[in-house]
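Just below is one structure, and these are the notes that go with it.
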2 protein chains.
Amino acid sequence: MILKSQVEWALHCCAILAGLPEGRYLSTKALAELHGLPKEYLSKALQSLSQAALVDTTLGPSGGYRLARSSSEINFLDIVEAVEGKARSFTCTNIRENNPCRPAGYCDSKPCAVARIMWEADEAWRDTLRRVRLSDLVGILSEEVRPDLWQSTFEWVLKRAG
Amino acid sequence: MILKSQVEWALHCCAILAGLPEGRYLSTKALAELHGLPKEYLSKALQSLSQAALVDTTLGPSGGYRLARSSSEINFLDIVEAVEGKARSFTCTNIRENNPCRPAGYCDSKPCAVARIMWEADEAWRDTLRRVRLSDLVGILSEEVRPDLWQSTFEWVLKRAG
DNA sequence: GGAATTAAGGATATAGAATATCCGCAAAAC
DNA sequence: GTTTTGCGGATATTCTATATCCTTAATTCC
């Protein structure tokens, strides 16, 4: 059970977009260079963010991506689900129905108990991600990343933002 | 991010083994028939449980599997990790190191903040699973499964348990 | 208007993991 | 000694993640 690497990419890209000044865009090319990622493939992850309406896009030179709403109104689950999908990590195939002792026409009143427990854990995972806002990440980074790197990165981005 | 179907199989098999009388064993063949699963492949899942020391095995006719400890001393995480592995669902590839603005020899004091948050969610998932004991599942099933099916299944198992 | 740049989406290729089967071995039961 | 069992290795198949390429339409700038 491993998340796609695109999830990591999307989270880092959103953290960068969160630092963009109002109304400016950053291109796939710039985001790929900044993170050392394959441009074409990263583009797919960004398209997922776009389809989930987490980012706005614009075409042409000086085009690219920006957040569709403020970084305090976007949480980790939004981003993770945009890339990874909303399907639960545990899928119940109802193997209890294969029990040879089952009377014909036996009808279960509830979903399988095993599945319900696994889904509960899945919800706990989602709850944790839902509670962390993108702005929280930016806050942590701004404290932890050494000021010189923080600032030079910001300048690097601004130079390329349309 | 999808768990292997073997996780579902292992959980259901453990629930059955939990109902086995002291000192008796149930074979892969019986467990596969009961759940309508491919015997050879289910065997791999049971081997994982055995390697994790969750079950004891014995060879020969009347051989098979039984729980290595009581069902109240085995939790869901034990079983899930035995089959799925203990690796975290989010793997950090440290793409922050690819930042072209990084001074040579820059050294991070902590793991990436993105990873730490993702790992926190992973821990919440594991915590939930850790809190559910196998005996809890058996308790739920004994209340929910219709008594006639519950009993006939129990008899079916006993007839095949060595 | 024309050239360059961009996101979007479709088609395709590659790598690796999940799923599944088969075989030979050693231990235990009878 | 025969049968049954778990175990491990080898192999095949299917599916997903990863990755690249190409076309199209929108936008910017000259």
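These numbers were taken from a predicted model, which means no experiment stands behind them.
- Contacts between residues 4-37 of chain B and DNA chain D, defined by a heavy-atom separation under 4.0 Å, are made by B:S27, B:T28.
- Nucleotide D:dG8 holds its C1' atom 9 Å from the CD atom of B:Q51, rounded to whole Å.
- Among the nucleotides C:dC22, D:dT20, C:dA28, the one closest to any side-chain atom of A:P38 is D:dT20.
- Within the 3.5 Å criterion, the main-chain N or O of A:R96 finds no donor-acceptor partner in the side chain of A:N94.
- Proximity of residues 84-101 of chain B to DNA chain D (heavy atom under 4.0 angstrom from any strand atom) is not detected for any residue.
- Rounded to whole Å, atom P of D:dT23 lies 13 Å from atom CD of A:E40.
- Between the side chains of B:E155 and B:Q151, at least one donor N or O lies within less than 3.5 Å of an accepting N or O.
- A salt bridge is defined here as a Lys NZ or Arg NE, NH1 or NH2 lying under 4.0 Å from an Asp or Glu carboxylate O, and A:D108 with A:R102 meets this definition.
- Within the model, atoms OG1 of A:T28 and OH of A:Y65 stand 4.0 Å from one another, a figure rounded to the nearest 0.5 Å.
- The cationic atom of A:R160 (NZ for Lys, CZ for Arg) lies less than 6.0 Å from the six-membered ring centre of A:W156 and within 45° of the ring axis.
- Of all nucleotides listed (C:dA27, C:dA8, D:dT3), C:dA27 comes nearest to the side chain of B:L59.
- Side-chain N/O atoms of B:S50 include one lying less than 4.0 angstrom from OP1 or OP2 on D:dC7.
- Atom NZ of B:K39 is separated from atom P of D:dT4 by 11 Å (rounded to the nearest Å).
- Comparing A:M1 and B:T58 along DNA chain C, the residue whose closest nucleotide (by nearest heavy atom) sits nearer the 5' end is A:M1.
- Linking ILVMFWY residues whenever their side-chain heavy atoms come closer than 4.5 Å, directly or via other members, places B:V157 and A:Y106 in the same cluster.
- A close approach under 4.0 Å does not occur between any side-chain nitrogen or oxygen of A:S62 and OP1 or OP2 of D:dC29.
- For the pair B:E144 and A:R116, the salt-bridge criterion is met [side-chain N within less than 4.0 Å of a carboxylate O].
- Heavy-atom distances under 4.0 Å link DNA chain D to B:K44, B:Q47 of residues 41-49 of chain B, given in residue order.
- Salt bridge annotation for A:E123-A:R130: present, with a cationic side-chain nitrogen under 4.0 angstrom from a carboxylate oxygen.
- Grouping the Ile, Leu, Val, Met, Phe, Trp and Tyr side chains by contacts below 4.5 angstrom, directly or via other members, places B:V7 apart from A:I2.
- Contact check on A:E81 versus A:R126 returns a salt bridge, with a Lys/Arg side-chain nitrogen under 4.0 Å from an Asp/Glu carboxylate oxygen.
- Contacts of B:G162 with the nucleic acid, taken as non-hydrogen atoms under 4.0 Å apart, are absent.
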Go through A:S48 and A:Q6 one step at a time and tell me if the side-chain hydrogen bond (donor to acceptor under 3.5 Å, both in side chains) criterion holds. CA-CA 10 Å; A:S48 297; A:Q6 287 191 335; 5.2 Å; no

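- In this structure, B:R66 places its CZ atom 17 Å from P of D:dT5, rounding to the nearest Å.
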